[in-house]
Amino acid sequence: MATKRETPLLDELMTGPWPSFVKEIKLSADDGKDAASDLLGVLEKSYNERIGHWKHGGIVGVMGYGGGVIGRYNDLPEEFPAVAHFHTIRVNQPSGWFYTADVLRKICDIWDKHGSGITNMHGSTGDMVLLGCNTDALEPVFAELTEIGFDLGGSGSDMRTPSCCCGEARCEWACYDTMAACHDITMHFQDELHRPAFPYKWKFKFSGCSNDCVASIARSDCSVIGTWSDDIQVDDAAIKEYADGKQVDIAQDVVRLCPTGCISFDGSKLAIDNADCVRCMHCINVMPKALAPGKERGATILIGAKAPIIGGALLASVMVPFLPMEAPYDDLKELAEAIWDLWGEHGKNRERVGEFIQRIGLGNFLEQIGLEPTPEMVAHPRTNPYIFFELGEEDGEE
Amino acid sequence: MSANVDDVAGDMFDMVKEYHGKKNLKALDLSKAMIIKYGAEECDKKLCKLAIRQLIDSGKCTYSYVGGSYIVLPPDS
Ligand code: SF4
Ligand code: SF4
């Protein structure tokens, strides 16, 4: 029976309207999990003292892999022996997070047997996160996970576990097969996933359209966002139904909110100037029965987003405005490898690729990876009057 | 000088031993040093990757995380 602990501060976290992690940990402690009980104890102590009691990192992992396990140790092992080691294991999730109940049960059984039984479904990168086990448990967990077809995800300075929206599996707006692309990239770059060799982490995220359900534009070093290169498909009869049925105020909710003002509506017919459409999905989201992405579909590749950890947050910038997304995705792979070569050579330790681009300048970056500058790479017109030109151009030379 | 995986892995191991306790080396540091030693013609990044894999899979070296991922000697060596 796990020690019953008094946790008045943690208990306050259970009083709000939302589900609380405290409640879940307490359930585990009530089930007799010593690690859950000691975890509550160390948390309550930290809240009281306002001091963290965790150290992380070091040499901990499974044989052959440099990622997938985050070493965590408690600095009060005598007081909280069941969480003296509390390593986190990241498990590569299936594309689109599709599971069967049976496989989830098997994963939970493995974790109940060897670890704390506490999970986080899912981490911000997308992995299943198994929270808390001893160093001795790592190899058995890994062996049993691989037995049921799972592998560890990434951590440290490697390619982190790629993730994707459910795409064509469930969503009519997917402009490419996100799950296939995510799976292919994961399998192709196994070495980069398991053997850290970059200056810092690199994330791929795949969204089927610019609704960007995996937040790739804000969270991934390489975001692959579905788009189309022809015209939005318009069903005039369905537009009329929306207008007649007064389900949508088309002038207010669609025309006025189009970010580039490229839609007009005369009361019955909608016209879109597709040359000015930036494929934001707004009009399609509002009138899904009448509008749909075009038929020539692919993806826009953006580079350089990150959440704030060391430096501030960055949004990604467009590198390739339109790329057809067909297996084996050679263009995407070649682009990633060209960037890794340059960033690997010149990036500083713990410098994300977005920060690297800011440091060396987008112009230099493009030149080095062999991409031609295009207007789509420019977020807004420049606000200073300086113009850079090559000396040769002044003399009329090429 | 021609290079094979065993030679490169051996040289990388010597380098990790030499720097042990003085400086943590990243996979890239090892690769760069080998490319300089053997020349890019004889030893490319692909060969370096294979050598690192051999080094880790053999248990002679392991990964550690100290703010970044490094290749180090195993704790019991
Ligand atoms: S990102 Fe687009 S395609 Fe993917 S699930 Fe969301 S709406 Fe659908
Ligand atoms: S997708 Fe966005 S930019 Fe294009 S027409 Fe619709 S609202 Fe306007």
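In this text, all values refer to a predicted model and were calculated from it rather than measured experimentally. Throughout, protein chains are lettered first and strands after them, A, B, ... in sequence-line order, and every chain is numbered starting at 1.
- Heavy-atom minimum distance, B:Ala27 versus A:Pro196: CB-O, 3.7 Å.
- Heavy atoms from other residues, nucleotides or ligands lying under 6.0 Å from NE2 of A:His183 number 12 at most.
- Listed by chain and residue number, A:Lys45, A:His53, A:Asn74, A:Glu79, A:Phe80 satisfy the side-chain contact (heavy atoms from CB on, under 4.5 Å) test with A:Leu76 (two or more places apart in sequence, or in another chain).
- In plain terms, the two heavy atoms of B:Leu73 and A:Ile59 that are nearest each other are O-CD1, 4.1 Å.
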Note each donor-acceptor pair with a separation under 3.5 Å, taking one atom from chain A and one from chain B.
{"from": "A:Gly58", "atom 1": "N", "to": "B:Tyr65", "atom 2": "O", "distance (Å)": "2.8"}
{"from": "A:Gly58", "atom 1": "O", "to": "B:Tyr65", "atom 2": "N", "distance (Å)": "3.1"}
{"from": "A:Ser157", "atom 1": "N", "to": "B:Ser69", "atom 2": "OG", "distance (Å)": "2.9"}
{"from": "A:Ser157", "atom 1": "OG", "to": "B:Ser69", "atom 2": "N", "distance (Å)": "3.2"}
{"from": "A:Glu192", "atom 1": "OE2", "to": "B:Lys49", "atom 2": "NZ", "distance (Å)": "2.5"}
{"from": "A:Phe198", "atom 1": "O", "to": "B:Lys26", "atom 2": "NZ", "distance (Å)": "3.4"}
{"from": "A:Pro199", "atom 1": "O", "to": "B:Lys26", "atom 2": "NZ", "distance (Å)": "3.2"}
{"from": "A:Asp341", "atom 1": "OD1", "to": "B:Lys45", "atom 2": "NZ", "distance (Å)": "3.3"}
{"from": "A:Glu345", "atom 1": "O", "to": "B:Lys32", "atom 2": "NZ", "distance (Å)": "3.2"}
{"from": "A:Asn349", "atom 1": "OD1", "to": "B:Lys26", "atom 2": "NZ", "distance (Å)": "2.7"}
{"from": "A:Asn349", "atom 1": "ND2", "to": "B:Tyr70", "atom 2": "OH", "distance (Å)": "2.9"}
{"from": "A:Arg350", "atom 1": "NE", "to": "B:Gly67", "atom 2": "O", "distance (Å)": "2.7"}

